[in-house]
Number of protein chains: 2
Amino acid sequence: MKNKILLVDDDVDILEILRYNLEKSNFIVETASNGIIAIEKALKFKPDLVVLDVMMPEMDGITACEKIRELPELENVIITFLTARNEDYSQIAGLEAGADDYIDKPIQPKVFVTKIKSLLRRRLNTEQNDIITFNDITIEKSKFKVKFQEKEVKLARKEFDLLVLLLSDPGKLFTREEIMNRVWKDDSFVGDRTIDVHIRKLRQKFGENLINTIKGIGYQSKEQ
Amino acid sequence: MKNKILLVDDDVDILEILRYNLEKSNFIVETASNGIIAIEKALKFKPDLVVLDVMMPEMDGITACEKIRELPELENVIITFLTARNEDYSQIAGLEAGADDYIDKPIQPKVFVTKIKSLLRRRLNTEQNDIITFNDITIEKSKFKVKFQEKEVKLARKEFDLLVLLLSDPGKLFTREEIMNRVWKDDSFVGDRTIDVHIRKLRQKFGENLINTIKGIGYQSKEQ
DNA sequence: TCTACTAATTAATTAATTCTTAATCATAAT
DNA sequence: ATTATGATTAAGAATTAATTAATTAGTAGA
């Protein structure tokens with residue numbers, strides 16, 4: 001099954017170079033030249049992954065990213081930014097907007113394709129892999145079982161969902177908003193402290209070193 | 001009945017580590033160091049499951065996988081790949097070649113064994129096994145007979161179906177919804193408490209340790 | 001068809017667990 | 001030093017399951 005990639009950049013040359021390299025590696029590629037077109041195309045094309053330039057006319061990449069993240073049809077899409085090294089937009093801003101990764105310009109096509117593949121593989125892992133391991137934690141999702149240092153740990157549902165989310169992509173920063181959306185879904189709106197309390201419980205059960213707080217933004221598991 | 005595993009990798013160290021761990025878990029293990037030998041051994045040994053390294057001399061894992069899939073004698077064999085995370089062969093290619101799953105290197109022996117077990121279990125279910133055994137419970141589905149500690153136990157229809165479901169995949173978590181769909185099928189809609197009551201009856205007949213409650217989600221039998 | 005029995009479901013109560021909130025304390029950023 | 005944000009704790013609300021008993025449905029046999 002071929003993966004579909006949507007490339008978004010206002011520079012036609014870049015679009016063509018990337019398209020060429022991705023197609024050579026057997027991806028299906030669609031392109032857009034600004035954020036507004038990107039969203040339209042994304043809805044029709046249903047890409048597995050979107051590459052977004054940060055600086056674009058009409059609608060910049062970060063805004064586009066936020067919009068895409070609000071679309072339920074594209075729930076599982078992977079988003080990665082293209083950032084010029086000196087761009088003032090910090091990477092944190094990008095991650096805050098819900099991106100999964102970013103790629104520095106200037107782009108080296110081989111590195112680019114490798115990165116795309118690895119991002120897709122990472123998702124593949126989390127989606128179809130029933131077993132997640134992280135240091136001495138083993139999660140068997142279908143069995144709802146969690147082991148920590150050989151011993152089985154009992155988790156309540158929200159704790160379990162939160163842990164699975166954080167470990168599904170080690171090192172990725174999850175914003176509070178994203179955590180809210182993905183663990184609490186459309187549940188009645190609950191206060192922010194609720195997340196803290198659940199983080200607390202996970203830390204109690206798995207030690208203080210599992211989860212980092214990124215103040216003002218969210219949480220992440222330590223890189224493996 | 002012991003399951004037979006064929007390990008295929010050109011790295012002798014890996015073969016030995018995996019062999020050791022699998023044998024410890026009571027599997028019968030055979031090894032091969034490349035795809036060509038693998039096919040020969042597979043034909044003689046008739047393994048239940050083959051673990052194939054992707055990168056090997058002589059014949060790579062993907063090619064070997066395709067060949068094995070063409071052999072009618074090995075129709076039901078399960079194939080799983082070993083893939084290095086950065087290997088350029090994408091896992092997608094592997095699944096396309098007919099693999100059932102893949103395991104990332106570096107391998108953690110525990111995860112590896114767990115995965116092998118779960119793959120074998122998955123197949124066990126799909127085969128129509130008439131007899132299910134679980135600790136001191138024996139079920140003969142076609143005869144509608146259940147024995148517990150040598151004695152025959154009389155079960156009502158729904159009790160029987162529920163027990164068979166739960167034991168068809170020991171340790172698997174069945175959600176209430178799934179139980180509803182599979183035991184009550186499209187029967188008139190019955191309330192949630194009905195499930196509880198049937199669980200109760202099974203616990204009365206087989207003891208309190210057979211079935212776990214996962215609050216908010218469903219039930220599971222204990223792991224065997 | 002009626003009867004007697006068994007099975008299945010519901011209802012009602014109790015029990016257990018999980019989730020959320022609120023209040024207070026601690027810490028980092030400006 | 002002030003402010004904003006997170007950590008922590010404990011309490012109680014809310015959810016969900018266990019249990020028991022009562023009711024209804026289903027079935028086999030006279």
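Quick note on labels: first sequence line is chain A, next is B, and so on, each numbered from 1.
One interatomic measurement links the two molecules: CD1 of Ile199(B) to P of dA8(C), which rounds to 14 Å at whole-angstrom precision. One can place CD1 of Ile214(B) at 11 Å from P of dA17(D), the figure rounded to the nearest angstrom. The interatomic distance linking Ile211(A) (CD1) with dT8(D) (P) rounds to 11 Å, in whole Å. As a whole-Å value, the separation of Lys158(B) NZ from dT6(C) C1' is 15 Å. Protein atom CG of Leu163(A) is 15 Å distant from nucleotide atom P of dT18(C), rounded to whole Å. A straight line from NZ of Lys201(A) to P of dT8(D) spans 13 Å, rounded to a whole angstrom. Atom P of nucleotide dA8(C) and atom CG of Leu162(B) are separated by 11 Å, given to the nearest angstrom. Atom P of nucleotide dG6(D) and atom CD1 of Ile217(A) are separated by 10 Å, given to the nearest angstrom.
Ion pairing between a basic and an acidic side chain is recognised when a charged N comes within 4.0 Å of a carboxylate O; Glu152(A) and Lys147(A) show no such pairing. Ion pair Arg69(A)/Glu66(A) not flagged as a salt bridge, since none of the NZ, NE, NH1 or NH2 atoms sits closer than 4.0 Å to an Asp/Glu carboxylate oxygen. With respect to Asp196(A) and Arg176(A), a salt bridge is recorded, a charged nitrogen being found less than 4.0 Å from a carboxylate O. One finds a salt bridge joining Glu159(A) and Lys205(A) here, because a Lys/Arg side-chain nitrogen approaches an Asp/Glu carboxylate oxygen to under 4.0 Å. Using a 4.0 Å cut-off between charged nitrogen and carboxylate oxygen, Glu178(A) and Lys172(A) count as a salt-bridge pair.
For dT5(D), neither phosphate oxygen OP1 nor OP2 lies less than 4.0 angstrom from any side-chain nitrogen or oxygen of Thr213(A). For Arg200(A), a side-chain nitrogen or oxygen approaches OP1 or OP2 of dT8(D) to under 4.0 Å. At dT9(C), one or more side-chain N or O atoms of Trp184(B) fall inside 4.0 Å of OP1 or OP2 (strictly under the cut-off). Listed pair Tyr219(A) / dA7(D) meets the phosphate criterion, a side-chain N or O lying under 4.0 Å from OP1 or OP2.
Annotation: cation-pi pair Lys4(B)/Phe27(B) absent, no NZ/CZ under 6.0 Å from the ring centroid and within 45° of its normal. Within the cation-pi definition used here (under 6.0 Å to the ring centroid, within 45° of the axis), Lys158(B) does not qualify as a partner of Phe160(B).
Annotation: of the two residues near DNA chain D, Gln204(B) and Arg176(A), the 5′-most nearest-nucleotide partner is Arg176(A). Mapping Lys154(A) and Leu155(B) onto DNA chain C by nearest heavy atom places Leu155(B) closer to the 5' end of the strand. Place His198(A) and Ile195(B) on DNA chain C by their nearest nucleotides, and Ile195(B) ends up nearer the 5' end.
One N or O on the side chain of Gln220(B) and one on the backbone of Lys143(A) form a donor-acceptor pair closer than 3.5 Å.
Side-chain proximity of Asp196(A) to dA7(D), dA18(D), dA8(C): nearest is dA7(D). Side-chain proximity of Arg193(B) to dT8(D), dA12(C), dT9(C): nearest is dA12(C). Here dT19(D) is the nucleotide among dC19(C), dT19(D), dT21(C) with the atom lying nearest to any side-chain atom of Val197(B). With dT16(D), dA22(C), dA8(C) as the choices, the nucleotide that has an atom nearest any side-chain atom of Arg157(A) turns out to be dT16(D).
Recorded end-axis angle for the helix from dT1(C)-dA30(D) to dT30(C)-dA1(D) stands at 40°, based on five pairs per end and rounded to 10 degrees.
At a cut-off of 3.5 angstrom, the base of dA29(C) holds no donor-acceptor pair with the side chain of Lys215(A).
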